[in-house]
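For ligands, and for the atoms within them, numbers begin at 1 and follow the listed sequence. The shown structure was predicted, so the numbers you read here are calculated from the model rather than taken from an experiment.
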Amino acid sequence: MPPYVGGESAIGGVNRVIKLSSNEGAFGPPPGAIDAMREAAGSAYRYPDGASTSLRRAIGKAFDLDPARIVCGNGSDDLIGLLIQSYGGAGTELVMSAHGFLIYEIAAKLAGMVVRKAAERNLTADIDAMLAQVTPATRMVFLANPNNPTGSLVPAAAVRRLRDALPGDVLLVLDAAYAEYVDRADYDPGIELVDAGHNTVMTRTFSKMFGLGGARLGWAYAPEAVVDVLNRTRMPFNVSSLAAAAGIAALTEAGWVEKCRSHNRQARATLREKLVRAGLTVHPSDANFVLVDLATAARATLADEHLRQRGIIVRNVAAYDLPQCLRVTIGTDEQCDAVAEALTAFVALHG
Ligand SMILES: *Cc1c(COP(=O)(O)O)cnc(C)c1O
């Protein structure tokens, strides 16, 4: 089993790097979340509330959900792993799309599951192809929506069709890590489907727009029975008191979501336009990153090296079977300008 390799954060000999490799929000943590962690530091010797009561109440209020149907975790990776350990196991299968989020495959193999990957269309999950991978051994179907690393989105109607066509005893996990960035009317992060049945789960994270990747905080919205299972299988103190305090504050930071979403929409469009003008292919994205297609693996490697020499770290996505692509996180305007300029120079230099 190959280990998960995260986005890099340092280049030897370069002091100031522009890190656009892990889709961390463009603006760091909300100021209120930093204050809340400082304030919580003095009580860090005490064990946290194992039930994350205040945090679940705050999430429920922010998203208009019943706190009793929310489970918090040490990042959403924690919850994804718990779901797979709880419902998977040797002799069972997990279905995901060809370029879906790698953590599903890693966690599934660790649990002894067979992973079946469905071909995509235009780097977008294909519902019919996913359904075709379902066998009597299938226990879980995972869909990141929008997906990482492709940035593509499956509209609500198609996700509903997937749920309707799946056997009732197959758990559908909708990973909406980038939901906060989506501004499309035909999108549902999963809330509707969780509410509509007994076998769909939505996972969310504080690592992207809320800028708390280092604090580790995620949550799941799930049917009562799944909540019950997660509360039995998770470790009792899987959310630290500092992460909980930061999360509560982040949710009430005035104007944060609007500011981040509007910056992302604008900066993503501008970056895309500049790269297309330079002659590069950029896949459409509904998230806080774009996937740039360099046509061949060799050219992608060369472009990656060119960026590194200029102190810019983006994400090589060869592990996602996309060796010809680089994934670029939407940072600040200055960071986006720097990467656009460097890639434009690359095309001028190398073709
Ligand atoms: C970043 C990301 C996550 C979030 O992981 P955390 O453990 O919450 O930091 C989950 N799913 C996808 C698809 C992601 O890109």
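- Taking any N or O of Tyr104, backbone or side chain, none lies under 3.5 Å from an N or O belonging to ligand 1.
- Of the listed residues (Phe27, Tyr181, Trp256), just one forms a ring-ring contact (aromatic ring centres under 6.0 Å, His included) with His263, and that residue is Phe27.
- Contact atoms of ligand 1 toward Tyr178: 1 (C), 14 (C), 15 (O) (distance under 4.0 Å to a heavy atom of the residue).
- Heavy atoms of Gly75 come nearer than 4.0 angstrom to ligand 1 in at least one pair.
- With Tyr104 as the fixed residue, the ring-ring contact (aromatic ring centres under 6.0 Å, His included) test singles out one of Tyr320, Tyr4, Phe142: Phe142.
- The residue among Thr205, Asp175, Asn148 with a heavy atom at the shortest distance from atom 10 (C) of ligand 1 is Asp175.
- Salt bridge Arg161/Asp164: absent, no basic N to carboxylate O contact under 4.0 Å.
- Those atoms of ligand 1 that come under 4.0 Å of a heavy atom in Ala177, given as number and element, are 2 (C), 3 (C), 10 (C), 11 (N), 12 (C), 14 (C).
- In summary, the side chains of Glu93 and Thr135 do present a donor paired with an acceptor at a separation below 3.5 Å, with no hydrogens or angles considered.
- Here the heavy atom of the protein found nearest to atom 1 (C) of ligand 1 is Lys208 NZ, 1.3 Å.
- Tracing side-chain contacts under 4.5 Å through hydrophobic residues (I, L, V, M, F, W, Y), one never reaches Leu65 starting from Leu230; they form parts of separate clusters.
- Ion pairing between a basic and an acidic side chain is recognised when a charged N comes within 4.0 Å of a carboxylate O; Arg261 and Asp183 show no such pairing.
- Residue Ser207 has at least one N or O atom closer than 3.5 Å to an N or O atom of ligand 1.
- Scanning the protein heavy atoms around atom 4 (C) of ligand 1, the nearest turns out to be Ser76 OG, 3.2 Å.
- Residue contacts with ligand 1 do not include Phe206, since none of its heavy atoms lies under 4.0 Å from the ligand.
- A cation-pi arrangement is present between Arg327 and Phe289, with the terminal nitrogen or guanidinium carbon under 6.0 Å from the aromatic centre and inside a 45° cone about the axis.
- Closest protein heavy atom to atom 7 (O) of ligand 1: Arg216 NH2, 2.7 Å.
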